[in-house]
Amino acid sequence: MLLKRIHPFAAMHRWAKANYGLLNWQQPPDRKTIRRRFLALPVLIQQLMPAIAQQCQQHNHHSFGYACSFADKSVFRALGGLWHKKHMLLKVMPHSSIDTEASWAKSEYHGWRFSYSLHLICNRYRFRLMATVTTASTKDYRLLECLITPLQERLGVVVADSGYFAVRFFTSHPRSLFYFGYYPLPFQSRPANEPF
């Protein structure tokens, strides 16, 4: 239904009710069932991504390897209008198109954005190993545990920007090997005067 650009659950229910025979379903799913299944998708996808990556690595070790991985956050704009800070604090919604779950964050490239964030770990061939979506104001280091834990046993070096630096994570995971900041080669040694 998303491929047909049907996004509201009520519209999905109407489409399923009209077309359930084409899909060989005995009866159309209820609107609440569709909503419940869509809300369960992020957890399911987070469980499937490491399993898919592991299966792909078994078939082609070179393209799907874990030796060097990259973690980063990308900000994408929320649909609808903007909910300015002054209105947020007063809990006033100027119009109904505002996405109330999105939040404000500052990006070096885009400036201030009312948006969501995609946190992603991929290998050097850009194969996605793990991902999660949060509101834009969520700090990178808070999601490090969530992103790394399913891949912990297989990851080698992880290259990330300084937003993912969390002392508490490194003291509880001494085996982790991370590089922070931009370096032309991920295996290049760090300058002596730069903190780890």
Side-chain angles (χ1 to χ4, degrees), residues 1-19 28-53 69-122 126-152 158 160-169 172 178 180:
M1 287 184 237
L2 291 177
L3 295 176
K4 295 184 170 292
R5 296 180 185 255
I6 302 172
H7 300 290
F9 295 125
M12 288 182 191
H13 174 65
R14 283 193 303 272
W15 186 89
K17 195 172 183 180
N19 297 299
D30 189 54
R31 180 188 58 81
K32 290 181 181 178
T33 303
I34 294 171
R35 182 180 186 278
R36 187 178 64 246
R37 290 183 181 166
F38 263 85
L39 292 176
L41 271 178
V43 174
L44 178 65
I45 290 170
Q46 284 185 350
Q47 293 170 351
L48 282 176
M49 285 187 80
I52 292 169
S69 305
F70 302 88
D72 203 4
K73 168 179 151 178
S74 180
V75 177
F76 58 95
R77 192 176 74 79
L79 296 177
L82 299 177
W83 199 12
H84 295 284
K85 286 271 192 178
K86 64 182 179 185
H87 292 137
M88 281 178 139
L89 295 173
L90 296 172
K91 298 187 180 182
V92 174
M93 286 190 42
H95 47 89
S96 61
S97 72
I98 292 174
D99 186 348
T100 58
E101 294 179 3
S103 63
W104 286 95
K106 188 170 185 178
S107 166
E108 287 186 33
Y109 301 105
H110 305 292
W112 284 99
R113 301 285 299 255
F114 186 65
S115 57
Y116 290 95
S117 296
L118 171 67
H119 298 265
L120 183 71
I121 294 182
C122 62
R126 297 182 184 158
F127 183 77
R128 284 101 182 134
L129 302 174
M130 192 61 182
T132 188
V133 175
T134 62
T135 60
S137 62
T138 305
K139 300 296 181 194
D140 300 348
Y141 64 86
R142 291 186 181 160
L143 294 167
L144 189 61
E145 184 95 28
C146 166
L147 292 169
I148 296 293
T149 302
L151 307 168
Q152 182 82 29
V158 178
D161 61 16
S162 59
Y164 287 96
F165 185 75
V167 174
R168 188 176 352 153
F169 176 81
S172 63
F178 278 78
F180 294 98

In this structure, CD1 of I45 is separated from CZ of R128 (nearest 0.5 Å) by 13.5 Å
Say whether, by atom type as modelled, one donor and one acceptor occur between the side chain of S117 and the main chain of T134 under 3.5 angstrom. no
CD1 (I121) and CG (L147) are apart, to the nearest 0.5 Å, by 4.5 Å
Next item on the list: Check whether any side-chain N or O of S137 sits under 3.5 Å from a backbone N or O of A105 as a donor-acceptor pair, and report yes or no.
Entry: no
CE (M49) and CZ (F127) are apart, to the nearest 0.5 Å, by 7.5 Å
inquiry  = Given 3.5 Å as the limit, does a donor-acceptor pair link the side chain of K73 with the main chain of A136, or not?
reply    = yes
CE (M130) and SG (C122) are apart, to the nearest 0.5 Å, by 13.5 Å
Do C146 and Q46 have side-chain heavy atoms sitting under 4.5 Å apart? yes
In short, Y116 meets A102 closest at the heavy-atom pair OH-N, 3.5 Å
Distance col, row T138:OG1 vs H119:NE2, nearest 0.5 angstrom, shows 6.0 Å
In this structure, CZ of F114 is separated from OG1 of T135 (nearest 0.5 Å) by 9.5 Å
ask   = Within the side chain of W104, is there an N or O that forms a donor-acceptor pair under 3.5 Å with the backbone of W83?
value = yes
